[in-house]
Amino acid sequence: MQRTVFFISDSTGITAETIGNSILAQFEGTAFDKHRLPFVDDAKKAEAAALRIKTRYAQTGQRPIVVNTMADRTLCDIVATSGALMLDVFAPFIGPLEVELGAKRSGAVNRSHGLVDFDKYEARINATNYALTHDDGIDVDYAQADLILVGVSRSGKTPTCLYMALHYGVSAANYPLTDDDLDKLELPVRLRPYKDRLFGLTIDPQRLAQIREQRRANSRYATIEQCRWELAQAEKLMRREAIPSLNTTHVSIEEIASKIFERFGIERTMF
């Protein structure tokens, strides 16, 4: 069985989609055809969204589901004319907060991900630039790093660094352990002054071989033997140097970041 889901927002739609996907993941027996409709911030756009949802309803004969984070009740009511099941993400919280704060909701649109804190935004941009310039040992100015990820090539270091930078403003560098490093089983000289900032990422050999095969097919770099050797040596090095580590094979980037933050006592809020 397949159901159509629309994530609708007066801003980027990130919140609606994130929360919506978390809820939908609880229903494993149902396939969902998902659509994101961002920046529905006036009546004309709300009417267009309602028409699109109605059309889909007529085509499938199945009532669409709308996960909604629009702040303006008028816009919500327009979309509701589509006949869809409306799931208002804000609804359970607004009433109790109004009572607690003694104030009414503003109904202002484009607030969830708007550029309202320039300092935090600049911090995220600076952290992202730092992650890019310190990717795979390209730059070795680690003094400004909040943390440094180490591991063999393609173990998830770069996407994790960028995620932490983009969402939390954390300045994260990464260093790929080379064959030379792994042969010596010694911490590279450039990393020694920053040992307390190191965190290791590892991965199952079979998964690493698959990833590397996509990047560099039919190469020694992608063979299962090379992957097994590199990972075994890297894990020995991490144990010897008492570097905390995490196997990323079945762990999402979001979970990896959370575990790293917990290890280093980093408390940052998203956005």
Side-chain angles (χ1 to χ4, degrees), residues 3 5-27 32 34-54 63-128 146 163-171 252-255 257-262 264-271:
R3 296 292 295 270
V5 181
F6 290 90
F7 305 113
I8 300 184
S9 172
D10 53 31
S11 187
T12 63
I14 293 172
T15 301
E17 190 169 7
T18 301
I19 295 175
N21 279 323
S22 297
I23 296 169
L24 297 177
Q26 303 302 312
F27 299 89
F32 296 101
K34 303 172 184 177
H35 304 268
R36 180 157 61 99
L37 304 182
F39 305 111
V40 180
D41 52 12
D42 61 35
K44 185 175 180 180
K45 293 176 183 176
E47 289 165 2
L51 178 59
R52 180 172 173 181
I53 297 166
K54 273 184 189 176
R63 187 185 188 193
I65 299 164
V66 169
V67 180
N68 164 46
T69 57
M70 291 182 294
D72 189 327
R73 293 307 312 168
T74 301
L75 302 183
C76 296
D77 291 341
I78 292 172
V79 173
T81 63
S82 64
L85 171 65
M86 298 290 290
L87 302 178
D88 188 334
V89 173
F90 295 154
F93 309 103
I94 295 295
L97 273 172
E98 286 179 337
V99 172
E100 181 68 23
L101 300 176
K104 290 292 184 180
R105 66 189 289 180
S106 68
V109 301
N110 295 319
R111 288 293 179 87
S112 295
H113 300 280
L115 189 57
V116 295
D117 190 325
F118 289 94
D119 290 337
K120 285 187 177 180
Y121 182 77
E122 186 175 6
R124 288 165 52 204
I125 295 303
N126 289 339
T128 301
D146 293 315
Y163 174 82
M164 292 189 291
L166 281 166
H167 292 283
Y168 295 95
V170 170
S171 295
S252 69
I253 288 176
E254 294 86 350
E255 291 176 286
S258 292
K259 290 178 183 295
I260 292 171
F261 290 167
E262 182 181 21
F264 286 101
I266 296 174
E267 295 185 8
R268 301 279 178 89
T269 54
M270 184 178 286
F271 304 115

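No hydrogens, no waters, no symmetry mates; every other heavy atom, side chains included, goes into these values. Values in this document were obtained by computation on a predicted structure and should not be read as measured data.
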What residues, two or more places apart in sequence or in another chain, satisfy salt bridge (charged side-chain N to carboxylate O under 4.0 Å, His left out) together with Glu47?
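Partners of Glu47 under the salt bridge (charged side-chain N to carboxylate O under 4.0 Å, His left out) test: none.
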Tell me, please, which residues at least two apart from Pro64 pass side chain to side chain contact (heavy atoms under 4.5 Å, CB included).
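Pro64 satisfies side chain to side chain contact (heavy atoms under 4.5 Å, CB included) with Phe6, Ile53, Tyr57, Ala84 once adjacent residues are dropped.
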[X] side chain vs [Y] backbone, donor-acceptor pair below 3.5 Å:
{"X": "Arg36", "Y": "Ile14", "value": "no"}
{"X": "Ser11", "Y": "Gly13", "value": "no"}
{"X": "Thr81", "Y": "Ile78", "value": "yes"}

Report the distance from atom [atom1] of [X] to atom [atom2] of [Y], rounding to the nearest 0.5 Å.
{"X": "Ile65", "Y": "Leu85", "atom1": "CD1", "atom2": "CG", "result": "6.0 Å"}
{"X": "Thr128", "Y": "Tyr163", "atom1": "OG1", "atom2": "OH", "result": "12.5 Å"}
{"X": "Met70", "Y": "Cys76", "atom1": "CE", "atom2": "SG", "result": "4.0 Å"}
{"X": "Asp41", "Y": "Asp72", "atom1": "CG", "atom2": "CG", "result": "10.0 Å"}

So, using side chain to side chain donor-acceptor pair (under 3.5 Å) as the criterion, who are the partners of [X] when residues are at least two apart?
{"X": "Ser252", "value": "Glu254, Glu255"}
{"X": "Asn21", "value": "Lys34"}
{"X": "Arg63", "value": "none"}

Does the side chain of Thr69 pick up a donor-acceptor pair with the side chain of Ser9 at under 3.5 Å?
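The criterion, which ignores hydrogens and geometry beyond distance, is satisfied for Ser9 and Thr69.
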Apply side-chain contact (heavy atoms from CB on, under 4.5 Å) to Asp146 and Val170, showing your working.
CA-CA 6 Å; Asp146 293 315; Val170 170; 3.8 Å; yes
Taking atom NZ as the centre, does Lys45 end up with more than 12 heavy-atom neighbours from other residues, nucleotides or ligands that are less than 6.0 angstrom away?
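Counting other residues, nucleotides and ligands, NZ of Lys45 exceeds 12 neighbours.
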In residues 87-96, what donor-acceptor pairs under 3.5 Å come from side-chain atoms, sequence neighbours left out?
from, atom 1, to, atom 2, distance (Å)
Asp88, OD1, Phe90, N, 3.0
Asp88, OD1, Ala91, N, 3.4
Asp88, OD2, Arg73, NH1, 2.5

Heavy-atom side-chain proximity of Val66 to Ile8 below 4.5 angstrom:
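Heavy-atom side-chain distance check passes, below 4.5 Å.
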Does any part of the side chain of Phe39, heavy atoms only, come nearer than 4.5 Å to the side chain of Thr12, both counted from C-beta?
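They are in side-chain contact.
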Test side-chain contact (heavy atoms from CB on, under 4.5 Å) applied to Ile266 and Met164, step by step:
CA-CA 11 Å; Ile266 296 174; Met164 292 189 291; over 6 Å; no
I want to know whether Phe261 and Tyr168 have ring centres closer than 6.0 Å.
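Ring centroids of Phe261 and Tyr168 are less than 6.0 Å from each other.
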Between Val67 and Val5, is the side-chain contact (heavy atoms from CB on, under 4.5 Å) condition met? List the steps.
CA-CA 7 Å; Val67 180; Val5 181; 4.2 Å; yes
